[in-house]
Every structure is written in C-alpha cells, then in structure tokens.
Amino acid sequence: MKAVVCTRYGPPEVLRLDERATPVARKNEVRIRILATAVTSSDCYVRGLDLSLAYQLMARLAIGWNAPRQPVLGMVLSGVVDSVGPGATSFEVGERVFGFDRHRFGTYAQYVCWPGDGLLATRPANLTDAEAAAIPYGGLLALHFLRKADVRAGQRVLIYGASGAVGTSAVQLARHFGAEVTAVCSAANLDLVASLGATTVIDYTVEDFAGRAERYDRILDAVGKRKSAAALRRCRQVLAPGGACVSVDDGRPKLRREDLVLLSELATKGEIRPVIDRTYALDDLPEAHRYVDNGHKRGNVVVAVT
Ligand SMILES: NC(=O)c1ccc[n+]([C@@H]2O[C@H](COP(=O)([O-])OP(=O)(O)OC[C@H]3O[C@@H](n4cnc5c(N)ncnc54)[C@H](OP(=O)(O)O)[C@@H]3O)[C@@H](O)[C@H]2O)c1
C-alpha cells in the first residue's frame with residue numbers, strides 16, 4: 001500500500017511517500033480502507049516535536065526516542081471496513097466509518113488496522129469522506145472541553161480561537177447546547193464563525209475582547225497556551241460571577257466513542273457541519289504540514305486518499 005512515513009522528527013520535509021506492507025487485522029481489530037484523513041495540529045506536534053524540553057522528553061518516551069515508533073502518522077480517518085479480525089464484532093465488512101486514534105496513528109496510508117471497539121463510529125451518510133474526516137478531531141476535543149467547562153443552555157460563552165479545528169466545532173456545539181456564543185478570531189474568519197452560530201464576533205487583531213463591557217459565564221481558549229497565555233491572563237476581568245475559563249491545553253482530554261456517535265448524529269441532522277480549509281493528496285503531505293504549521297487554518301485540512 002502507499003503510505004507517508006516519518007523516519008525522524010523535524011520539519012515537514014521529513015515526510016515522504018513510501019510503499020509498505022498492507023496490514024492484516026489481528027484479534028479484535030478491523031482493517032479500514034482509508035478514503036480521507038486530516039492533518040491536525042497534533043500531527044504537526046508529533047512530527048516536529050517542537051515542544052518544551054519536559055514535554056519533548058515525555059513525548060519521546062511515549063512515541064519513540066529518535067523517531068516515531070509508528071512511522072506512519074495520522075490520527076483521523078474516514079473510510080470503509082475492509083476486513084475484520086477474530087473477535088471484532090462492532091463492524092462488518094463494507095461499513096462506512098470515521099474515527100480518531102491518538103495512540104495508534106497510521107492514517108497517512110491506504111489501509112490501517114484499529115481496535116474495533118476504539119474511537120470509531122458509523123460515518124454520517126450525508127457527508128463525503130473528506131467532510132467526515134473534518135469532524136472527529138475538533139469535534140471530540142471541543143465536546144470534552146465544553147463539558148469540562150460545564151457549558152449549558154442560556155450561558156454567555158466566549159470561544160477564543162473560534163476559527164480553528166477545535167474552535168469551529170466549539171462554536172457549533174456550544175450553540176447546540178443552547179449557549180449564546182461570542183467568537184474571537186482574525187478578520188478573515190469573522191463571517192465564517194458567524195455562519196456557524198456565533199452571535200457576536202471579535203477580531204483579536206484590532207480589539208481586545210477583555211476591553212469590552214460584556215461579561216461571560218464561560219471562556220474556552222481553543223488556541224493553545226503557547227499563543228493564548230496573555231489573553232488568558234485577562235480572562236478574569238470579563239468573567240461573570242461564578243464564571244470559569246478553560247483552555248484546550250488543560251490536561252489530557254478524555255475522548256469517548258459515544259461522543260463520536262453523537263457527532264455523527266448531529267452531522268447527519270445538519271446541526272453541525274464540517275469546515276474544510278484545504279484538501280491535499282497523500283503525496284502532498286509535506287505541503288499540508290507546512291500549511292498547518294502556520295497555526296492559522298480555517299477549520300480542518302483534509303487529505304484525499306485514493
Ligand atoms: N490538551 C490536549 O491534549 C490537546 C490536544 C490537541 C490540541 N490541543 C490544543 O488545541 C490547540 C488548537 O488546535 P486546533 O487544531 O484547533 O488548531 P488550529 O486549527 O491551528 O487553530 C488555531 C486557532 O488559533 C487562532 N490563532 C492563531 N494564532 C493566534 C494568536 N496569536 N492569537 C489568537 N488566536 C490565534 C487561529 O485563528 P486565526 O487564523 O483567525 O488567527 C485559529 O483559529 C492546539 O494548538 C493545542 O494547543 C490540545
């Protein structure tokens with residue numbers, strides 16, 4: 001099969017197209033023929049290991065000291081179950097699935113074997129594979145952090161970094177939970193986040209949200225503390241009494257299969273929609289990583305796997 005491999009940590013150029021043996025589904029695994037994947041900000045962290053020394057050491061211990069033990073990166077997929085290993089009962093051959101696995105990787109390829117009971121669900125039938133691949137990463141992370149922040153109907157919620165993968169999902173899901181959403185992003189993305197359900201939009205390049213008179217019950221930082229630290233320090237000024245601020249960098253998120261099923265249902269009903277910035281081919285992955293490394297993608301960058 002065709003796969004893109006990463007044989008050392010470094011810039012996007014470390015990724016290269018290769019031929020690898022097609023994996024065989026073992027006990028409790030399903031093999032998926034991948035039709036689309038996504039390049040996420042997490043993929044770029046894994047490839048580049050551009051982290052603080054402490055995090056870098058932890059990452060090297062977890063995923064490989066000099067290079068990723070699993071050289072085929074990629075955590076997101078949309079595709080078709082094409083064989084089922086012994087004991088895997090959740091899916092049958094031919095089922096269309098989508099999913100996310102931040103431990104196994106392997107989706108920058110034509111086939112991958114994942115646990116049948118992992119973060120996999122039937123993909124929304126109304127979406128293309130590229131669209132389905134734009135849902136799990138941002139959707140699952142946003143659901144986790146909105147729950148952590150205890151976002152509820154009637155609350156005034158500010159999403160800082162509303163135009164990225166997590167941000168575009170968070171705006172839509174907070175709206176789905178009945179919150180009134182204020183979205184902060186740069187000028188080029190204001191219309192996008194308004195179309196996703198934000199009632200107020202703020203361009204952070206010209207205005208500091210903390211300078212407004214409005215108060216918020218919940219603030220979700222969907223940018224990441226490396227860039228949002230200064231903004232987070234100002235959050236307290238605009239929190240309503242009893243309010244709380246949560247960052248996407250607070251702790252290790254718990255990602256649940258039932259949440260992927262929920263995202264599939266919401267997408268099927270049109271209550272959330274995928275946001276795709278660019279689509280690349282598998283052999284253009286270095287270019288896709290270069291783009292995601294910039295930290296300004298609109299929603300998701302997907303990869304069509306043929
Ligand atoms: N806790 C965990 O385990 C975990 C897991 C995955 C991800 N994360 C965190 O989640 C973050 C977001 O991931 P993502 O995939 O959604 O990223 P992304 O798609 O690259 O989106 C980044 C967002 O940040 C905004 N942004 C960039 N620079 C900014 C700045 N200086 N000030 C304000 N906003 C800025 C961008 O908006 P504009 O383009 O409009 O400027 C964009 O909306 C990651 O960076 C990471 O820190 C945490």
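The analysis underlying the following values was restricted to heavy atoms, covering all of them including side chains, and did not include hydrogens, waters or symmetry mates. Remember, it's 1-based here, ligands and their atoms both numbered in the order they're listed. Keep in mind the model is a prediction, meaning the values are calculated, not measured.
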Practice task
Could you pull out, from Val223, Asp250, Leu255, the option with a heavy atom nearest to atom 25 (C) of ligand 1?
Solution key: Val223

Practice task
Verify the cluster assignment for Tyr137 and Val301: are they in a single hydrophobic cluster under the rule of side-chain heavy atoms below 4.5 Å apart?
Solution key: yes

Practice task
For ligand 1, find out whether one of its N or O atoms is nearer than 3.5 Å to an N or O atom of Pro253.
Solution key: no

Practice task
Considering only non-hydrogen protein atoms, determine which one is nearest to atom 47 (O) of ligand 1 and report residue, atom name and distance to 0.1 Å.
Solution key: Asp249 OD1, 2.8 Å

Problem - Gly224: numbered ligand 1 atoms lying under 4.0 Å from its heavy atoms - result: 47 (O)

Problem - Numbering as shown, the atoms of ligand 1 that approach Ser42 to under 4.0 Å (heavy-atom distance) - result: 6 (C)

Fill in the blank from the handout: Interatomic distance, CH2@Trp114 vs CZ@Phe91, rounded to 0.5 Å, equals 11.0 Å

Fill in the blank from the handout: Separation between CD1 (Ile135) and CZ (Arg273), nearest 0.5 Å, reads 10.5 Å

Exercise for the section: Note the single closest protein heavy atom to atom 41 (O) of ligand 1, along with its residue, its atom name and the distance in Å. Expected result: Tyr204 OH, 2.5 Å

Exercise for the section: Pull out every atom of ligand 1 sitting under 4.0 Å from any heavy atom of Val166, numbered as shown with elements. Expected result: 13 (O), 16 (O)

Handout entry: Region of Asn189 that comes within reach of ligand 1 [heavy atoms, distance under 4.0 Å]
Key = side chain

Exercise for the section: Could you go through the side chain to side chain donor-acceptor pair (under 3.5 Å) check for Asp249 and Ser247 one step at a time? Expected result: CA-CA 5 Å; Asp249 282 339; Ser247 168; 4.7 Å; no

Handout entry: Numbered atoms and elements of ligand 1 in range of Ser186, under 4.0 angstrom, heavy atoms
Key = 38 (P), 39 (O), 40 (O), 41 (O)

Practice task
Could you name each residue pair satisfying salt bridge (charged side-chain N to carboxylate O under 4.0 Å, His left out) that touches residues 125-150, not counting sequence neighbours?
Solution key: Arg96-Asp129, Arg123-Asp129, Arg147-Asp259, Asp150-Arg152

Completion exercise
atom 12 (C) of ligand 1 has as its nearest protein heavy atom Ala222 O, 3.3 Å

Exercise for the section: Give the cluster check for Val157 versus Val223: same hydrophobic cluster or not, with ILVMFWY residues linked at side-chain heavy-atom distances below 4.5 Å. Expected result: no

Problem - Geometric N/O contact Ser41 with ligand 1, under 3.5 angstrom - result: yes

Practice task
Do me a favour and list the nearest non-hydrogen protein atom to atom 33 (C) of ligand 1 with residue, atom name and distance?
Solution key: Tyr160 OH, 3.3 Å

Handout entry: Contact (N/O only, under 3.5 Å) between Gly164 and ligand 1
Key = yes

Completion exercise
Smallest heavy-atom separation, Val181 atom then Arg175 atom, equals CG2-N, 4.0 Å

Handout entry: His296-ligand 1 polar pair, N/O distance under 3.5 Å
Key = yes

Exercise for the section: Starting from atom 6 (C) of ligand 1, locate the nearest protein heavy atom and write down its residue, its atom name and how far away it is, to 0.1 Å. Expected result: Tyr137 OH, 3.1 Å

Problem - Distance (rounded to the nearest 0.5 Å) between Leu57 CG and Ser52 OG - result: 8.5 Å

Exercise for the section: Enter the distance from Phe100:CZ to Met75:CE here, rounded to the nearest 0.5 Å. Expected result: 6.0 Å

Practice task
Nearest heavy atom to atom 4 (C) of ligand 1 wins, so pick from Val39, Val248, Leu192, Val193.
Solution key: Val248

Handout entry: Shortest protein heavy-atom distance from atom 19 (O) of ligand 1, along with the residue and atom involved
Key = Lys297 NZ, 2.7 Å

Practice task
Please state whether Gly138 comes within less than 4.0 angstrom of ligand 1, counting heavy atoms only.
Solution key: no

Problem - Any N or O of Lys225 closer than 3.5 Å to N or O of ligand 1 - result: no

Exercise for the section: Return a yes/no value for Gly251: is any of its N or O atoms, backbone included, closer than 3.5 angstrom to an N or O of ligand 1? Expected result: yes

Handout entry: salt bridge (charged side-chain N to carboxylate O under 4.0 Å, His left out) pairs, two or more places apart, involving residues 204-219
Key = Arg156-Asp217, Glu207-Arg212, Asp208-Arg234

Practice task
With heavy atoms only and a cut-off of under 4.0 Å, state how Tyr45 meets ligand 1: side chain, backbone, both or neither.
Solution key: side chain

Exercise for the section: Search all heavy atoms of Val193 against all heavy atoms of Cys185 and return the closest pair with its distance. Expected result: CG2-SG, 3.8 Å

Problem - Within-shell test, Leu141 vs ligand 1, heavy atom, strictly < 4.0 Å - result: yes

Problem - Minimum non-hydrogen distance to atom 43 (O) of ligand 1, winning option of Ser169, Gly295, Ser163, Ala188 - result: Ser163

Exercise for the section: Mark yes when over 12 heavy atoms from residues, nucleotides or ligands other than Glu92 sit less than 6.0 Å from its CD; otherwise mark no. Expected result: no

Practice task
Flag Val292 as yes when one of its N or O atoms lies below 3.5 Å from any N or O atom of ligand 1, and as no otherwise.
Solution key: no

Exercise for the section: Answer yes or no: does an N/O atom from Ala162 fall short of 3.5 Å to an N/O atom of ligand 1? Expected result: no

Problem - Within the 6.0 Å centroid threshold, strictly below: Tyr204 and Phe209 - result: no

Handout entry: Nitrogen or oxygen atoms of Arg252 and ligand 1 under 3.5 Å apart
Key = no

Exercise for the section: Look at the aromatic rings of Tyr108 and His289 and report parallel, tilted or perpendicular, splitting at 30° and 60°. Expected result: perpendicular

Practice task
Mind checking whether Ala165 contacts ligand 1 via backbone (N, CA, C, O), side chain (CB onward), both or neither, at a 4.0 Å heavy-atom cut-off?
Solution key: both

Problem - Region of Ala231 engaging ligand 1 - heavy atom pairs below 4.0 Å - result: neither

Fill in the blank from the handout: For His103 and Asp101 the tightest heavy-atom approach is N-OD1, 2.8 Å

Handout entry: Salt bridge present between Lys2 and Asp283 (N-O < 4.0 angstrom)
Key = no

